[in-house]
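Letters A, B, ... are given to chains in the order of the sequence lines, protein chains preceding strands, and every chain is numbered from 1. A quick note: this is a predicted structure, and the numbers were derived from the prediction, not measured. Just so you know, these numbers use all the heavy atoms, side chains as well, and skip hydrogens, waters and symmetry mates.
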Number of protein chains: 2
Amino acid sequence: MTDRPRTARALARQTLTRDILDAARARLTDEGPTVLSLRAVARDVGMVSSAVYRYFPSRDALLTALIIECYDELGAAVEQADAACDRADRPGRWLAASRALRGWSVEHPGEFALLYGTPVPGYAAPRDTVGPATRVVRTLIQVVVDAHAGGARPPVAAPGAPDVTEVVAPARAFVADRGLADDAPTELVVRTLIAWTALFGTVSFELFGHLEGSVADGDGWFDAVAVRLGADLGLSAEAIDATPARSGR
Amino acid sequence: MTDRPRTARALARQTLTRDILDAARARLTDEGPTVLSLRAVARDVGMVSSAVYRYFPSRDALLTALIIECYDELGAAVEQADAACDRADRPGRWLAASRALRGWSVEHPGEFALLYGTPVPGYAAPRDTVGPATRVVRTLIQVVVDAHAGGARPPVAAPGAPDVTEVVAPARAFVADRGLADDAPTELVVRTLIAWTALFGTVSFELFGHLEGSVADGDGWFDAVAVRLGADLGLSAEAIDATPARSGR
DNA sequence: CACGAACGAGAGCGCCGCTCTTGTCAGACG
DNA sequence: CGTCTGACAAGAGCGGCGCTCTCGTTCGTG
């Protein structure tokens, strides 16, 4: 990935860049992304503020680097949690991936806010961020797709639910483009998107304090949510063990 | 609610306070809450920054006033949407309340970020905010409780789902304290909390740009989500029309 | 060895939240 | 009606912010 530095100067540059990023992430944890002070970061690494501009052309560029790094870290955590499971244990993979998602977020609340909280006002995320940003949802989709390729019963649309095949067309294209599934049923795509949203919504509510008076134990609550969302996707132990060919209802 | 001002001075104070709040909310829409500049707000209302401190002792106090006002506005919108429905039409009430929730949020993205985005770093929400903050979820619970008092089939826990009766004890206490339901089944409470979280998670993902490549039409998508979440709560037309007394399973 | 690029430090710009002081005017009270 | 107190707007000033520019210095290369 990163080249070995060939000169003392290049080495210094590399380590200082890392130091700046680390200091920025350290500050991120107790002060939000929007008020991240470049001057304070500079002080932390023993530099004057203007010197930081040798390494990042602007505060936005520093934010972009942080965002990419965090998306990648979160994505890697989720992917590794999934990879550590028995491939055939779909409910276990779903829960492990979900837990990894929350685990990283709870450990890095500042970084979570950077990724999933209020966007920084004047800041527009560049293209480079979308790839790393999709690693989590890609992993979740992979688990769901594997389960249904293995015979899990696909979810059935609620009676009276509006047809949204057109609405989720981009999502299906995303899935197809990455070779995850050639033709996923609409309802499966919909339920996966809902589950993905609900997982992050749960973490967001927990970290931002909206569950304060409602839920006693964030850990236990999240597990309960994740298991139910998985079950809605046909990812319960029962659904997987049942005869695969049984049609819905 | 607010007393009629008895002197010219009191009137001026009242209108100026309103002007400041309005200007702050206007600024909120295109710049996040954390970077809301009191000086800029002062300029907008034709005052010098220090003069604003006659009306709000600090920037945090101004934020608190804004938060309460916004929670109340959102809560009122949801309550009114529910109230405008036929009381017996539970699925309709659920969808209406959900739509109102999103409608207000989409119309007031800055205010939504203030309420449900990254908390302002040094800011701790005072007690006064929790009452207004719960108006939305209270309305959603009311609809669900009404439906099940009217015979809707309560949701059944997925096989293998962990028991979380203890975890949601605060939520049940909240419900009981407000006379919404004496003894709601655990699974109903859980599903309602999940639905509440998922609704706001969906809005959050939409407004913060995480659905960009996945969903074509935010309006249609949200309806699809709301209907499915309602159905999971036993709030589909079919579930309500079914024989009320049928026990779960 | 010499030259240019990279670098760190500093000063300075206009912005921020917030405090303190100053002068003014409304309104309550004798 | 006069006085006096409190509310008020304005300004200066504090330290901190993102960012720019300049100025020596040092490193790496032709």
Inset, instruction - Whole angstrom is fine here: how far is it from CG in A:Asp44 over to P in D:dC17? - result: 10 Å
Legend entry - Salt-bridge contact B:Asp232-A:Arg191 (side-chain N to carboxylate O under 4.0 Å): yes
Legend entry - A:Phe112 and A:Phe200 aromatic ring geometry - parallel, tilted or perpendicular at 30°/60° bounds: parallel
Inset, instruction - Choose from C:dG17, C:dG10, D:dC17 the nucleotide whose nearest atom is closest to any side-chain atom of A:Ser50. - result: C:dG10
Inset, instruction - Would you mind reading off the distance between B:Asp19 atom CG and D:dA9 atom C1', rounded to a whole angstrom? - result: 15 Å
Inset, instruction - Check the distance between C:dA6's C1' and A:Leu11's CG and give it to me in whole angstrom. - result: 15 Å
Inset, instruction - May I ask you to decide whether B:Asp219 forms a salt bridge with B:Arg102, counting only side-chain N to carboxylate O separations under 4.0 Å? - result: yes
Inset, instruction - Compare side-chain N and O positions of B:Tyr55 against OP1 and OP2 of D:dA7 and report whether any pair is under 4.0 Å apart. - result: no
Inset, instruction - Give the nucleotide from the list C:dA9, D:dA10, C:dC16 with an atom nearest to the side chain of B:Ala40. - result: C:dC16
Inset, instruction - Check whether any side-chain N or O of A:Arg13 sits under 4.0 Å from OP1 or OP2 of C:dG8, and answer yes or no. - result: no
Inset, instruction - Establish whether the base of C:dG17 is bridged to the side chain of B:Arg39 by a donor-acceptor pair shorter than 3.5 Å. - result: yes
Inset, instruction - Select one nucleotide: of D:dT29, C:dG17, D:dG11, the one nearest the side-chain heavy atoms of A:Thr7. - result: D:dT29
Legend entry - Protein-nucleotide distance (A:Met47, atom CE; C:dA6, atom P), rounded to Å: 17 Å
Inset, instruction - Mind checking the CG-CZ spacing from B:Leu38 to B:Arg27? Nearest 0.5 Å is all I need. - result: 11.0 Å
Legend entry - Positive for side-chain hydrogen bond (donor to acceptor under 3.5 Å, both in side chains) with B:Glu79, one of B:Arg138, B:Arg135, B:Gln142: B:Arg135
Inset, instruction - Quickly work out the A:Leu38 CG to C:dC15 C1' distance and round it to whole Å. - result: 16 Å
Legend entry - Candidates D:dC17, C:dC18, D:dA10 - which lies nearest the side chain of B:Ser58: C:dC18
Inset, instruction - Using atom OH of A:Tyr53 as one end and atom C1' of C:dC13 as the other, report the distance to the nearest whole Å. - result: 13 Å
Legend entry - Side-chain N or O of B:Ser37 closer than 4.0 Å to phosphate OP1/OP2 of C:dG17: yes
Legend entry - Euclidean distance, atom CZ of residue A:Arg54 to atom C1' of D:dC21 [Å, nearest integer]: 10 Å
Inset, instruction - With heavy atoms under 4.0 Å as the rule, sort B:Leu36 into base, sugar-phosphate or nothing. - result: sugar-phosphate
Legend entry - Whole-Å distance separating the CZ atom of B:Arg43 from the C1' atom of C:dC15: 8 Å
